[in-house]
Participant: 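Provided herewith is a single structure, encoded as structure tokens, for subsequent inquiry.
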Amino acid sequence: MSEYSVRIDEKWQRRWEESGLYRFDPESVDDKLYVLSMFSYPSGAKLHVGHWYNFGLTDSWARMKRMQGYEVFEPMGFDAFGLPAENYAIQTGIHPRESTWANIHTMRQQLRAMGAMFDWDYEVVTCDPDYYRWTQWLFLALYRAGLAYRAEAPVNWCPDCQTVLANEQVVDGICERCDHPVVHRNMTQWFFRITAYADRLLEGLDSLEWPERTKEMQRNWIGRSEGARIRFPVPERDAAIEVFTTRADTLFGANYLVLAPEHPLVDSMTSGDRRGAVRDYVERAGRKSEIERTSLDREKTGVFTGGYAEHPLTGERVPIWVADYVILSYGTGAVMAVPGHDERDHEFSRTHDLPIPRVIESPDGSPAPLPHTEDGVLVNSGTFDGMDSASAREAIAQSLADAGLGEPTVSYRLRDWLVSRQRYWGAPIPMIHCDTCGAVPVPEDDLPVLLPDEVDYAPRGKAPLASAPDFVRTVCPACNGPASRDVDTLDTFVDSSWYFLRYPDNENVTEPFDRDWIDRMLPVDQYVGGVEHAVMHLLYARFINMVLYDLGYVGFPEPFRSLTHQGMILGPDGRRMSKSRGNVVSPDDYITDHGSDVFRMYLAFGFNYIEGGAWEDDGIRATARFVDRVRRWVDALASGDMELGTGGDPDADAELAFVEHTAIKRVTEDAEGFRFNTCIARLMELTNALYRYESEVSPDRRNADGVHSATRTLLSLMAPFAPHFSEEMWERLGWEFSIFNHPWPEADEDKMVLDTVEIAVQVNGRLRGTVEVAAGASEEEIEAIARDNPRVATYLTDGVRRVIVVPGKLVNFVV
RNA sequence: GCCGAGGUGGCGGAAUUGGUCUACGCGUGCGACUCAAAAUCGUAUGGGGCAACCCCCCUUGUGGGUUCGAGUCCCACCCUCGGCACCA
């Protein structure tokens, strides 16, 4: 009979579609299992290996779950707004809407050819007005809750993309999208108040079944640190400079203050004679790019303002400096400099010849060299001398609080989420600007604010929508006066921060989703996607979900119960695949040659799923060989070429059953934990066992029931990884459609016990032989048999001091 | 610098709570089938020693330790990858 090929793929894809096999049944919602792969951007290129690795193997996981009786919900959609379509439009003149929908169309076809269980009835496309209407609704919900606000702030501007970026999209001062350096600009922009959720986003992590490293990344990103706010009065200006510190215990060593160049008090602290120098410095700092300002190895620059503050505890005069090693957006934008116990302040003081007092000694009383940044014992700190750092932090905070000059506080690295973008291909921000009423939300009934087609989307540093007068011109919903629409569009991460809520109720036209229904369908039971979204998408989505929870729209605070990251498949050269390197592996060629199941199965077999690795052509050939080996077996069985009797060779039968049931147990466990490579290894072992049985047992003694059972098990266990192939083999054996409607096999523990087991015999922990003993043998019996082993016996002539027996495993003689 | 993950054959990768290191596969050697090759099947395969073996020694990044027994636990160090980083 014919070999497995892409024609068989097509045959079964048709059957599945015609029979509606994978259609989600809402009636069975009580058994639902929501399995989600991160949806992708519809690029013009074909599906790449990464898509297959993510979607294909997540689908395999879901298929096993289906066979185990779950009503699997496995939707797919497209994160369709975004820059690539727009950049493509700028180059070619083809409208983003046109190219995007064309790409979606081809990508759907390719995803179908993958043979996954996606239920397209629940598809979601973020650039569809039926979807972004609710993205805009979400914006308004946050606005009403006081969680969306407009503010002027220094923001990250990418000169190449001609738009602002969220902090998360700037990596080491470089635009995450286009690799160009990012600069700072002062702009009025929309923000989501994610910082208000910092603590809850942190605490929520503990309850999640997520990879520890991902949780750790989010913790790092949120960057919580406990400390104190301390105010240094400036009597001459009738003001105070507030600093944030985690080291209140070093307060007596603070002998100057440093303001960030953009700090609002810089001007008023500056004395007349210093004005020119300060202004100069601030201006130069403002022109520096993000990378220049954050590079660690450059010399610490700064300038004295001429102003002085008062030390809150000693009353001493403390000079005020401006330096760009202090960042406006963290803490209070000002620090107390403690050159004796902080490396940065130390360096700054040395550069500018400032005194470096010691206020902390090592716990043993020895004066460790400065800067000494560890905790220790206080000295030169007035009444606090002799206290250890930890108690001093509390005591000093208390006396500051008594004086009204400070209080304990918590600072976060996390900043509010900047959501405006000066680009075209995104959801318009549903706000209207009125000269009399200010910023006014678009009434919900007027949603969606449609993205106009006729727009000059060439980037010119301002929002493309500003070039569409019919779009901009409108009336104020509050006063009916003339007004203009907000011309920015939303960060595409807003689109993807709630799509998983829309899937189960994607056709709802009256609300984004029905609360009761969504509470039954979510949280997502298993989410799978790349680790590159660890902060950004996964943090934003948690935030949005938590906000909706607080506002009563959903009944669960966390959207993704369990999360797995697939690794990355690298080119054959072990480097990241890229067109410029010419090391891109295109799935299509392999699928044409071998069929989609061989491709999927190689991805399962060749790598540790979590780690990924380099592509190897030999690996896919090996997988094709294995699949054909199974095919030959099935064909021999189906055609009657293989003679079978009614039994028995008890040993061979038991051995075959042993392999069969061990395979069931281990494939079930390993697939559950995304250890697909060992699953395939077990399938190969079972296949090897079948062939061995055939070659070792004479035809009249072969047990037909045992062979059929093992074959049936093999195909069932293989089905999640090779769905088309397994259906085909199942059919050839005359078994009922569909293999996926048959239950997942269950391991019989009784069959996983052999009559005899091999025991390792060690002498002083070194392996000196193995012996066969009956499975239930007692410790004494095992020891006796081990002693009888001639090779072992030669080591025992000097007498045995101790014997350790681990039943079923080993014997160790200590001599 | 801080935090996290990891270092196992020629290669991809396996190893329950400490219990026969290297499953499964690739590659390679030998053999079968064939006129021959491919495909397929069988068989061997961690490294070294020995004329040879059912023999001995060594081996999970390095060095110590705990234990009858360590890839696994402890200490110190080296290297790789990822995250954070002038964050006060």
Side-chain angles (χ1 to χ4, degrees), chain A residues 171-172 211-225 227-228 243-247 250 254 258 260 293-298 300 323-327 329-338 341-345 347-348 373 411-415 531-532 534-535 602 605-608 610-611 613-623 625-626 628-629 632 666 669-670 675 677-685 687-688 691-692 695 758-770 790-791 794 800-815:
Chain A
V171 179
D172 295 331
E212 203 44 52
R213 62 170 169 158
T214 309
K215 297 194 204 180
E216 205 50 39
M217 279 189 229
Q218 294 210 348
R219 289 188 191 109
N220 281 341
W221 190 261
I222 294 168
R224 183 181 203 275
S225 72
V243 302
F244 172 76
T245 179
T246 56
R247 292 297 304 275
T250 64
V258 188
R293 277 195 59 166
T294 55
S295 78
L296 276 162
D297 40 295
R298 65 172 250 273
K300 286 198 172 29
D324 66 2
Y325 76 90
V326 173
I327 297 166
S329 51
Y330 185 77
T332 61
V335 303
M336 62 179 209
V338 186
H341 306 284
D342 180 281
E343 281 175 26
R344 297 150 300 184
D345 302 340
E347 195 189 324
F348 190 82
T373 58
S411 235
Y412 301 91
R413 211 191 71 94
L414 181 72
R415 321 223 185 127
V531 70
E532 66 273 18
V535 286
Y602 166 56
F605 180 56
F607 312 86
N608 174 310
I610 311 293
E611 290 168 13
W615 177 270
E616 277 187 274
D617 270 357
D618 284 338
I620 198 159
R621 278 195 286 274
T623 312
R625 198 172 304 159
F626 167 63
D628 199 52
R629 191 164 148 83
R632 286 195 311 273
R666 300 205 43 198
E669 289 169 357
D670 289 354
R675 293 181 296 272
N677 51 348
T678 49
C679 292
I680 309 300
R682 301 291 89 80
L683 298 179
M684 288 171 168
E685 281 169 354
T687 307
N688 293 344
Y691 275 104
R692 200 179 324 120
S695 72
E758 196 187 40
I759 299 277
V761 184
Q762 297 181 338
V763 179
N764 285 346
R766 303 175 71 101
L767 185 70
R768 295 301 180 187
T770 58
R791 192 179 144 208
T794 61
V800 176
R801 279 172 36 213
R802 194 177 154 193
V803 182
I804 291 120
V805 180
V806 183
K809 284 282 181 191
L810 60 67
V811 183
N812 188 11
F813 295 101
V814 184
V815 301

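Computed from a predicted structure; not experimentally measured. Naming: A, B, ... by sequence-line order, numbering from 1 per chain.
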Participant: Given the P atoms of B:C57 and B:U80, what is the spacing between them in whole Å?
Facilitator: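 It works out to 36 Å between them.
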
Participant: Of all the heavy-atom pairs spanning A:Tyr330 and A:Ser225, show the shortest one and how long it is.
Facilitator: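 Distance-wise, the nearest heavy atoms are OH-OG, 2.9 Å.
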
Participant: OP1 or OP2 of B:C56 versus the side-chain N and O atoms of A:Arg768: is any pair under 4.0 Å?
Facilitator: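 It does, given that an N or O in the side chain of A:Arg768 lies less than 4.0 Å from OP1 or OP2 of B:C56.
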
Participant: Heavy atoms from C-beta onward define the side chain here; which of B:C57, B:C86, B:C68 lies closest to that of A:Val814?
Facilitator: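 Side chain of A:Val814 sits closest to B:C68.
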
Participant: Under 4.0 Å: is that the gap between some side-chain N or O of A:Arg625 and OP1 or OP2 of B:C24?
Facilitator: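 Result: no.
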
Participant: Can you name the closest pair of heavy atoms from A:Val815 and A:Val763 and give their distance?
Facilitator: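 Shortest heavy-atom separation between A:Val815 and A:Val763 comes out as CG2-CG1, 4.1 Å.
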
Participant: Which heavy-atom pair separates A:Val243 from A:Met336 by the least distance, and what is that distance?
Facilitator: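 Closest approach of A:Val243 to A:Met336: CG1-N, 3.6 Å.
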
Participant: For A:Arg224, check side-chain contact (heavy atoms from CB on, under 4.5 Å) against everything at least two apart and list the hits.
Facilitator: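 Residues passing side-chain contact (heavy atoms from CB on, under 4.5 Å) with A:Arg224: A:Asp199, A:Leu202, A:Glu226, A:Val410, A:Tyr412.
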
Participant: I'd like the P distance from B:C56 over to B:C77, given in whole Å.
Facilitator: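 Comparing P positions in B:C77 and B:C56 gives a spacing of 39 Å.
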
Participant: Quick one: A:Asp617 CG to B:C26 C1', roughly how many Å, whole number?
Facilitator: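 Roughly 12 Å, once rounded to whole Å.
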
Participant: Return the value, rounded to whole Å, for the distance between atom CZ of A:Arg766 and atom P of B:C55.
Facilitator: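 After rounding, the reported distance stands at 14 Å.
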
Participant: What nucleic acid atoms does A:Asn688 come within less than 4.0 Å of, heavy atoms only: base, sugar-phosphate, or nothing?
Facilitator: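 Touches sugar-phosphate only.
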
Participant: Which part of the nucleic acid, if any, lies within reach of A:Arg621 when heavy atoms closer than 4.0 Å are counted: base, sugar-phosphate only, or nothing?
Facilitator: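 Here A:Arg621 touches no strand at all.
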
Participant: Base, sugar-phosphate or nothing for A:Val335? Non-hydrogen atoms, less than 4.0 Å.
Facilitator: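 If one applies the 4.0 Å heavy-atom cut-off, A:Val335 turns out to touch a base.
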
Participant: If you measure from the C1' atom in B:G6 to the same atom in B:G42, how many Å do you get, rounded?
Facilitator: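 Their C1' atoms lie roughly 39 Å apart.
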
Participant: When you check every protein heavy atom under 4.0 Å of nucleotides 10-23 of chain B, what one-letter string (B, S, -) results, 5' to 3'?
Facilitator: -SBSS-B--BB--B

Participant: Provide the distance between the two P atoms, one in B:C58 and one in B:G71, to the nearest whole Å.
Facilitator: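 Pairwise P distance, B:C58 against B:G71, rounds to 13 Å.
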
Participant: Under 4.0 Å, heavy atoms only, any strand: does A:Ser225 hit a base, just the sugar-phosphate, or nothing?
Facilitator: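 The answer is sugar-phosphate, as A:Ser225 gets under 4.0 Å only of primed atoms, P, OP1 or OP2.
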
Participant: Would you say A:Tyr330 places a side-chain N or O within less than 4.0 Å of OP1 or OP2 belonging to B:A88?
Facilitator: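 A:Tyr330 to B:A88 OP1/OP2: side-chain N or O found under 4.0 Å.
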
Participant: So, OP1 or OP2 of B:C55: does either fall under 4.0 Å of a side-chain N or O from A:Arg791?
Facilitator: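 Looking at the OP1 and OP2 atoms of B:C55, one of them is under 4.0 Å from a side-chain N or O of A:Arg791.
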
Participant: When the distance from NZ of A:Lys215 to P of B:C84 is rounded to whole Å, what number comes out?
Facilitator: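 So the NZ-P distance, A:Lys215 to B:C84, works out to 19 Å.
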
Participant: Looking across every strand, which nucleic acid part, if any, lies under 4.0 Å from A:Val531 by heavy atom: base, sugar-phosphate, or nothing?
Facilitator: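 No contact at all - A:Val531 keeps every heavy atom at 4.0 Å or more from the nucleic acid.
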
Participant: Give me the distance, rounded to whole Å, that separates B:U67 from B:G18 when you measure between the C1' atoms they each carry.
Facilitator: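 Roughly 9 Å separates the two C1' atoms.
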
Participant: Please report the distance separating the P of B:C24 from the corresponding atom of B:A14, rounded so that it comes out in whole Å.
Facilitator: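 Going atom to atom, P in each nucleotide, I get 14 Å.
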
Participant: Using atom CD of A:Glu347 as one end and atom C1' of B:G1 as the other, report the distance to the nearest whole Å.
Facilitator: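 To the nearest whole Å, that distance equals 14 Å.
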
Participant: If you look at every strand shown and take non-hydrogen atoms under 4.0 Å, does A:Arg219 touch a base, only sugar-phosphate, or nothing?
Facilitator: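 Nothing: the residue A:Arg219, judged by heavy atoms under 4.0 Å, touches no strand.
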
Participant: Go through the steps to decide whether A:Tyr325 and A:Glu347 satisfy the test side chain to side chain contact (heavy atoms under 4.5 Å, CB included), and finish with yes or no.
Facilitator: CA-CA 11 Å; A:Tyr325 76 90; A:Glu347 195 189 324; over 6 Å; no

Participant: Go through RNA chain B and write down every stem, that is, every run of at least three consecutive Watson-Crick or G-U wobble pairs with distances under 3.5 Å, as range with range.
Facilitator: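 As far as RNA chain B goes, consecutive pairing (with distances under 3.5 Å) yields the stems B:1-7 with B:78-84, B:10-12 with B:24-26, B:27-32 with B:40-45, B:46-49 with B:55-58, B:61-65 with B:73-77.
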
Participant: Considering residues at least two apart in sequence or located in another chain, which fulfil the salt bridge (charged side-chain N to carboxylate O under 4.0 Å, His left out) criterion with A:Arg247?
Facilitator: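 Partners of A:Arg247 by the salt bridge (charged side-chain N to carboxylate O under 4.0 Å, His left out) criterion, ordered by chain and then number, come out as A:Asp249, A:Asp375.
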
Participant: For A:Phe348, does the six-membered ring have the charged nitrogen or CZ of A:Lys300 within the cation-pi criterion, i.e. under 6.0 angstrom from the centroid and within 45° of the normal?
Facilitator: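 No; the conditions do not both hold, so A:Lys300 does not lie above the ring face of A:Phe348.
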
Participant: Going by the rule side-chain contact (heavy atoms from CB on, under 4.5 Å), which residues pair with A:Asp617 if we only count those two or more places apart in sequence or in a different chain?
Facilitator: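 A:Asp617 satisfies side-chain contact (heavy atoms from CB on, under 4.5 Å) with A:Tyr590, A:Trp615, A:Arg621 only.
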
Participant: Which way is the base of B:G48 turned, syn or anti, if we draw the line at 90° from 0?
Facilitator: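 With its glycosidic angle more than 90° from zero, B:G48 counts as anti.
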
Participant: Could you tell me which residues satisfy side-chain hydrogen bond (donor to acceptor under 3.5 Å, both in side chains) with A:Ser411, sequence neighbours excluded, listed by chain and number?
Facilitator: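 Result, side-chain hydrogen bond (donor to acceptor under 3.5 Å, both in side chains) vs A:Ser411: none returned.
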
Participant: Test salt bridge (charged side-chain N to carboxylate O under 4.0 Å, His left out) on A:Arg219 and A:Glu216 and set out the steps.
Facilitator: CA-CA 5 Å; A:Arg219 289 188 191 109; A:Glu216 205 50 39; 2.9 Å; yes

Participant: Just the rounded figure in Å: distance from C1' of B:A88 to NZ of A:Lys300.
Facilitator: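 Atom NZ in A:Lys300 sits about 11 Å away from atom C1' in B:A88.
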
Participant: In this structure, how many angstroms lie between the P atom of B:C84 and the CE atom of A:Met217, rounded?
Facilitator: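 For the pair A:Met217 CE and B:C84 P, the rounded distance is 8 Å.
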
Participant: For residues A:Arg629 and A:Asn688, is any side-chain donor paired with an opposing acceptor at under 3.5 Å?
Facilitator: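 Yes, A:Asn688 and A:Arg629 have a side-chain donor paired with an acceptor closer than 3.5 Å.
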
Participant: Mind checking the C1' distance from B:G46 to B:G4? Whole angstroms is fine.
Facilitator: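 Roughly 32 Å separates the two C1' atoms.
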
Participant: Nearest-Å distance, CZ (A:Arg802) to P (B:G69)?
Facilitator: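 To the nearest whole Å, that distance equals 9 Å.
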
Participant: Given the C1' atoms of B:G49 and B:U40, what is the spacing between them in whole Å?
Facilitator: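 It comes out at 38 Å once rounded to the nearest Å.
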
Participant: Would you mind reading off the distance between A:Asn764 atom CG and B:C57 atom P, rounded to a whole angstrom?
Facilitator: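 Roughly 12 Å, once rounded to whole Å.
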
Participant: Using salt bridge (charged side-chain N to carboxylate O under 4.0 Å, His left out), reason through A:Glu669 and A:Arg666 one step at a time and then give a plain yes or no.
Facilitator: CA-CA 5 Å; A:Glu669 289 169 357; A:Arg666 300 205 43 198; 5.5 Å; no

